[in-house]
Protein chains: 2
Amino acid sequence: MINDHEIKNLFPLFERKLLEEIESNAEIIEYEEGEDLIKSGQNIKSTMLIKKGLVKIYREDEDGNEIFMYHLEPGQACALSILCAVQHKTSEIKATAVKPTEVYAIPVHLVEQWMKEYKSWYQFILSTYRSRFEELLNTIDAIAFKNMDERLVMYLKKHSEISNNKTITVTHAQIAAELTTSREVVSRLLKKLAERGLIKVNRQNIEIINLD
Amino acid sequence: MINDHEIKNLFPLFERKLLEEIESNAEIIEYEEGEDLIKSGQNIKSTMLIKKGLVKIYREDEDGNEIFMYHLEPGQACALSILCAVQHKTSEIKATAVKPTEVYAIPVHLVEQWMKEYKSWYQFILSTYRSRFEELLNTIDAIAFKNMDERLVMYLKKHSEISNNKTITVTHAQIAAELTTSREVVSRLLKKLAERGLIKVNRQNIEIINLD
DNA sequence: CACTAACTGTGACATATATCACCATATTTT
DNA sequence: AAAATATGGTGATATATGTCACAGTTAGTG
């Protein structure tokens with residue numbers, strides 16, 4: 001087992017034995033681009049480790065408004081799925097695959113059990129909590145203290161960085177939904193950025209010239 | 001040792017041995033009403049368990065704006081202080097005692113060590129992360145999806161509940177700072193609530209009639 | 001190729017909140 | 001008691017964002 005070493009590269013800090021446990025106990029689930037890993041209000045019974053692809057995490061309210069919180073990349077775990085799974089509670093969270101994605105789904109009881117058995121697992125879970133905590137604080141900063149133009153620039157930077165691409169493929173309406181504003185506002189702010197020569201706005205995508 | 005049993009009541013789930021460890025290793029620090037346990041940008045070298053009193057946690061930005069996030073009561077721990085301490089990072093967090101407060105300050109290395117040695121400690125730390133996570137999500141909901149009038153009502157309810165008192169002693173300016181708005185806005189919204197008979201506005205305090 | 005749906009641009013207007021100016025009271029200090 | 005300070009009330013106005021209406025443009029489909 002563990003012949004392809006893929007999992008070893010994803011989680012370099014895990015003990016060999018833990019990697020084997022994952023391989024033999026985790027179910028691998030595949031999601032298409034645009035498919036939801038977690039829907040708002042759904043009961044979660046396992047924790048997801050991202051194997052491949054890219055996932056975006058949103059908070060949703062009752063009226064269907066959503067706000068983008070952060071990305072999950074290969075080698076990361078969904079803190080919310082741990083949180084919800086362990087507490088057996090639903091949470092108003094949405095996780096959407098933005099690329100074709102594969103995850104290791106770990107049953108809750110193993111998440112708990114491994115905490116005691118594997119030091120590297122417990123460190124991984126804690127560091128997951130820590131980093132997601134930081135992301136949430138950044139989200140709060142943005143919506144509490146920043147104007148929409150600043151938040152838009154942050155959005156563009158972040159998405160360019162994470163997809164490793166100067167060109168972001170997204171519609172104005174999508175950006176608006178994720179920043180909880182309206183399409184018109186996004187279009188106008190994008191236009192202003194374009195007028196200042198910082199970006200180039202095309203149909204379905206935005207090219208970043210210089211946002212530093 | 002552990003003769004007064006105070007600590008046992010605060011942390012009923014901790015093993016006897018862990019309680020003894022806390023008693024012999026934790027420094028007890030007292031704070032006056034209004035004093036800061038953590039100032040923004042400060043380096044944190046220990047984790048705080050609340051022994052007595054009441055603490056409010058704020059997020060601050062560079063310009064001195066602050067937003068209230070949540071309360072800490074006796075028997076709870078500051079998740080941020082764990083997070084920051086372990087990572088040896090500063091964080092733009094403010095923790096202020098709103099009543100005379102006493103805390104157990106636990107050196108970081110013990111926080112880490114006890115995680116391995118005491119099951120109840122590790123469960124406590126995890127549940128601290130979980131509950132603070134939920135609080136942050138609620139904060140995000142409020143500022144992303146709610147108008148100021150709704151947020152004001154939430155603020156009043158929460159503060160009444162946590163102080164177990166229908167009358168909240170606070171100035172309009174204070175509320176404004178914690179909700180990141182202006183005093184005038186708070187005064188006007190309070191007036192509207194008073195006109196609807198839901199609260200009574202006095203100088204320095206607000207009496208809740210019925211906000212359900 | 002025509003038709004439809006999705007995406008984008010833009011003016012006009014509505015609304016919530018922020019800011020300013022100033023006054024009125026209440027409380028504390030001298 | 002007088003003065004200084006903290007707190008609260010209110011109108012006028014500014015600004016950012018939200019909403020509506022509608023038109024133009026592109027991509028995909030039959």
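All figures in this text were calculated on a predicted structure; none of them were measured in a lab.
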List every contact pair, protein side and nucleotides 5-9 of chain C side both N or O, where the distance is under 3.5 Å.
{"residue": "C:dA6", "atom": "N3", "partner": "A:Arg203", "partner atom": "NH2", "Å": "3.2"}
{"residue": "C:dC7", "atom": "O4'", "partner": "A:Arg203", "partner atom": "NH2", "Å": "3.4"}
{"residue": "C:dT8", "atom": "OP1", "partner": "A:Gln204", "partner atom": "N", "Å": "3.0"}
{"residue": "C:dT8", "atom": "OP2", "partner": "A:His172", "partner atom": "N", "Å": "2.8"}
{"residue": "C:dG9", "atom": "N7", "partner": "A:Arg183", "partner atom": "NH1", "Å": "3.1"}
{"residue": "C:dG9", "atom": "O6", "partner": "A:Arg183", "partner atom": "NH2", "Å": "2.9"}

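- Of all non-hydrogen atoms in B:Ile50 and B:Phe11, the two that sit nearest each other are O-CZ, 4.1 Å.
- The span of DNA chain D lying next to chain B, judged by atoms under 4.0 Å from heavy atoms, is bounded 5' to 3' by D:dA6 to D:dA12.
- Between the side chains of B:Asn205 and B:Thr169, no donor N or O sits under 3.5 Å from an acceptor N or O.
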Go through the steps to decide whether A:Val103 and A:Ile28 satisfy the test side chain to side chain contact (heavy atoms under 4.5 Å, CB included), and finish with yes or no. CA-CA 6 Å; A:Val103 306; A:Ile28 293 182; over 6 Å; no
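- Partners of B:Glu33 under the salt bridge (Lys or Arg N to Asp or Glu O under 4.0 Å) rule, at least two apart in sequence or in another chain, do not exist in this structure.
- Of the charged side-chain nitrogens involved, none lies within less than 4.0 Å of a carboxylate oxygen, so that A:Glu30 and A:Lys52 do not count as a salt-bridged pair.
- With 3.5 Å as the limit, one finds a donor-acceptor pair spanning the side chains of A:Ser40 and A:Glu92.
- In plain terms, the two heavy atoms of B:Lys166 and B:Ser160 that are nearest each other are CA-OG, 4.0 Å.
- Within a 6.0 Å sphere centred on CD of A:Glu195, heavy atoms belonging to other residues, nucleotides or ligands number more than 12.
- Residue B:Ile38 holds its CD1 atom at 11.0 Å from CG of B:Asn43, rounded to the nearest 0.5 Å.
- Listed by first then second residue, pairs satisfying ring-ring contact (aromatic ring centres under 6.0 Å, His included) with a partner in residues 191-212 of chain B number zero, not counting sequence neighbours.
- For the atom pair NE2 (B:His159) and CD1 (B:Ile208), the distance works out to 10.5 Å, reported to the nearest 0.5 Å.
- Shown for residues 138-159 of chain A: residues whose heavy atoms fall under 4.0 angstrom of DNA chain D, namely A:Asn147, A:Met148.
- Within the cation-pi definition used here (under 6.0 Å to the ring centroid, within 45° of the axis), B:Arg132 qualifies as a partner of B:Tyr70.
- Across its full length, the helix from C:dC1-D:dG30 to C:dT30-D:dA1 shows an angle of 30° between the axes of its 5 terminal pairs at either end, rounded to 10 degrees.
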